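These figures come from a predicted structure and were not determined experimentally. Every chain is numbered from 1, with letters handed out A, B, ... down the list of sequences.
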Amino acid sequence: MITFKNVKKIYQTQDQSIAALDGVDLEIKKGEIFGVIGFSGAGKSSLLRCVNLLERPTSGSVTVDGQELTSLSAKQLREAKQQIGMIFQHFNLLDSNTVFANVAKPLVLTGVKKAEIHRRVHELLAFVDLADKADHYPDQLSGGQKQRVGIARALATQPSVLLCDEATSALDPQTTQHILRLLKQINEEYGITILLITHEMGVIREICDRVAVIEAGKLIESGTVFDVFSNPQTATAKNFVRSVMQDEIPASVQQLIERREANHHIYKINFLGAHTGQPLLSQVAKRFDIDLNILHGSITELQNIPFGSLLVELIGETAEISRALQYIDEAQVTVEEVLADAG
Amino acid sequence: MLVNYTDIWTAFLQTLTMVGLSLLFSTLIGLPLGILLVVTRKGALLEQVPFFNVLSSIVNIFRSVPFIILLVAIIPLTRLIVGSSIGTQAAIVPLVFYAAPYIARLIESSLLEVDTGVLEAAKAMGATPLQTIFRFLLPEALSSLVLNLTIATIGLIGASAMAGAIGGGGLGDLAITYGYQRFDTTVMLITVGILVILVQGLQTMGNLLARKIRRH
Ligand SMILES: Nc1ncnc2c1ncn2[C@@H]1O[C@H](COP(=O)(O)OP(=O)(O)O)[C@@H](O)[C@H]1O
Ligand SMILES: [Mg+2]
């Protein structure tokens with residue numbers, strides 16, 4: 001649906017040139033929610049803005065729905081943009097216009113008939129749950145409501161792609177959840193492909209199907225959200241995963257590890273996919289002559305698949321423990337011993 | 001020396017005519033210039049840097065000529081346009097030359113205040129340059145435009161008094177003739193009083209209108 005081929009974006013300032021995108025290749029499939037995550041200044045906005053040519057790539061090509069945008073005439077480009085909706089971190093609504101007029105704007109620009117605009121805008125406002133706010137002005141709305149107006153406006157021309165530039169970064173956590181759920185709903189109900197950029201791994205975990213990590217203008221890692229979360233390759237990706245998974249070992253457990261007694265071994269068991277922790281551990285406790293002590297754990301769901309890790313202490317004879325470990329291994333979870341110096 | 005109220009009334013109407021017409025014409029000229037100054041600058045909607053530089057310099061040149069000099073320097077042109085170099089109509093020509101570049105700058109600064117995010121949204125929607133100007137830029141700047149045009153109007157009242165003094169009529173002329181040349185302080189005070197009320201009234205109206213547009 002969206003294809004980047006060796007896209008470079010170089011900003012020329014008086015004293016230097018900044019390579020905001022340094023050879024980006026990317027393929028976003030129809031109907032998916034794709035997230036690009038990176039720290040501030042990594043090039044996320046530049047990447048997103050190259051999709052609807054708010055920024056023209058310095059070189060390389062960007063294709064949306066089979067159309068290479070850079071090759072289009074001004075008129076063709078304006079038409080192509082109706083297929084690409086966009087929402088912004090700071091909403092970018094017209095303060096001088098009512099909610100109705102804001103949402104109607106893209107339709108007015110393309111000369112849609114008044115009656116049709118009326119029908120369409122009210123339908124959109126109902127969809128984003130703002131039917132009662134049509135005559136309000138943006139400064140009478142909360143951040144979340146403003147973003148919903150932004151979303152309604154972006155959907156007005158029935159685009160096939162929705163671009164989200166840090167769409168929830170200015171919102172509180174609860175409002176963020178609402179907006180993310182709305183985006184998911186848009187994706188599922190209308191089949192709209194969503195490309196979003198964010199610096200928050202929580203956003204990626206919440207709604208994305210696939211993710212790419214951007215750093216210094218390059219995509220350094222990409223894959224399904226599940227793969228990147230369960231098995232991050234780069235230090236940056238690991239950092240982002242850690243920011244939401246809280247797999248830090250708590251201080252109390254750390255102390256235990258450090259003054260480890262003989263016969264006490266601490267292991268980290270990573271659960272991936274369909275294997276949930278509890279039955280496995282209770283089976284281990286039943287089958288083997290060891291004591292089992294759960295020290296710490298965090299389990300979440302990624303794309304409806306349980307995922308997480310448990311820190312457990314196994315107490316018993318070394319031979320028995322190694323048999324237990326072998327059993328755990330066979331259950332397709334990964335298990336590793338946690339040593340003092342590894343923390 | 002008796003104050004002649006008919007004279008004052010006539011002068012007041014002349015001032016209103018001068019200010020009203022010169023405001024109209026200089027806005028008709030200044031508005032497009034102000035828009036051009038905004039949309040042709042570097043990185044803007046219709047970037048045309050050489051054009052912008054030339055336009056900006058021309059505006060600066062007119063802005064730097066003191067009004068009293070402009071008033072005199074432009075006399076031949078005034079004759080050409082209105083067929084005379086004195087009278088209320090004749091005063092309007094230098095007033096327009098004075099106010100149009102000023103208004104262009106005021107409008108430029110109002111338009112530059114518009115949130116770039118809104119213009120970005122316009123671009124993302126595929127708005128044409130004209131649509132961007134008329135459906136995004138101007139409505140978003142409207143309240144600031146009203147305030148700045150109020151400032152320009154008040155500036156024009158001051159300038160019209162000066163233009164009047166060299167034969168254009170109006171309250172300025174009246175104050176000079178009675179007050180300065182005939183030492184009639186009463187007329188001078190009345191004139192100044194009317195000007196003060198006029199300026200206060202305009203500023204209040206401008207503020208109210210701008211606030212109404214902003215709705216708070
Ligand atoms: N218009 C611009 N002119 C010059 N440099 C820019 C411009 N836009 C972005 N940059 C630079 O490009 C880099 C990437 O910016 P951006 O794409 O905004 O990153 P992000 O959205 O990840 O914070 C940064 O170093 C930024 O300073
Ligand atoms: Mg950014």
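The side-chain tip of B:K123 does not point at the ring of B:F136 from less than 6.0 angstrom away and within 45° of straight on.
No side-chain donor-acceptor contact under 3.5 Å links B:D7 and B:T10.
Using non-hydrogen atoms only and a strict 4.5 Å limit, the part of residues 46-62 of chain A facing chain B consists of A:R49, A:N52, A:L53, A:L54.
Neither the backbone nor the side chain of B:S143 comes within less than 4.5 Å of any heavy atom in chain A. Looking at A:L93, the atoms closer than 4.5 Å to chain B (heavy atoms on both sides) all sit in the backbone: N, CA, C or O. Only the backbone of A:I84 comes within contact range of chain B, with at least one heavy atom under 4.5 Å from a heavy atom of that chain.
Checking side-chain atoms of A:T63 against main-chain N and O of A:G66 turns up no donor-acceptor pair under 3.5 Å. When atom types are taken as modelled, the side chain of A:N97 and the backbone of A:N102 share no donor-acceptor pair closer than 3.5 angstrom.
Comparing A:S96, A:A156, A:A80 by heavy-atom pairs within less than 4.5 Å of chain B, the highest count is held by A:S96. Between chain A and the residues B:P139, B:G117, B:A141, B:A127, the largest count of heavy-atom pairs under 4.5 Å involves B:G117.
Between A:H118 and A:F100, a ring centre-to-centre spacing shorter than 6.0 Å is recorded.
Under 4.0 Å is where a charged nitrogen must lie from a carboxylate oxygen, and between B:R105 and B:E108 at least one such pair does. A salt bridge links A:E79 to A:K75: at least one charged side-chain nitrogen sits closer than 4.0 Å to a carboxylate oxygen.
Exactly one residue among B:F62, B:Y102, B:F25 makes a ring-ring contact (aromatic ring centres under 6.0 Å, His included) with B:F97. That residue is B:F62.
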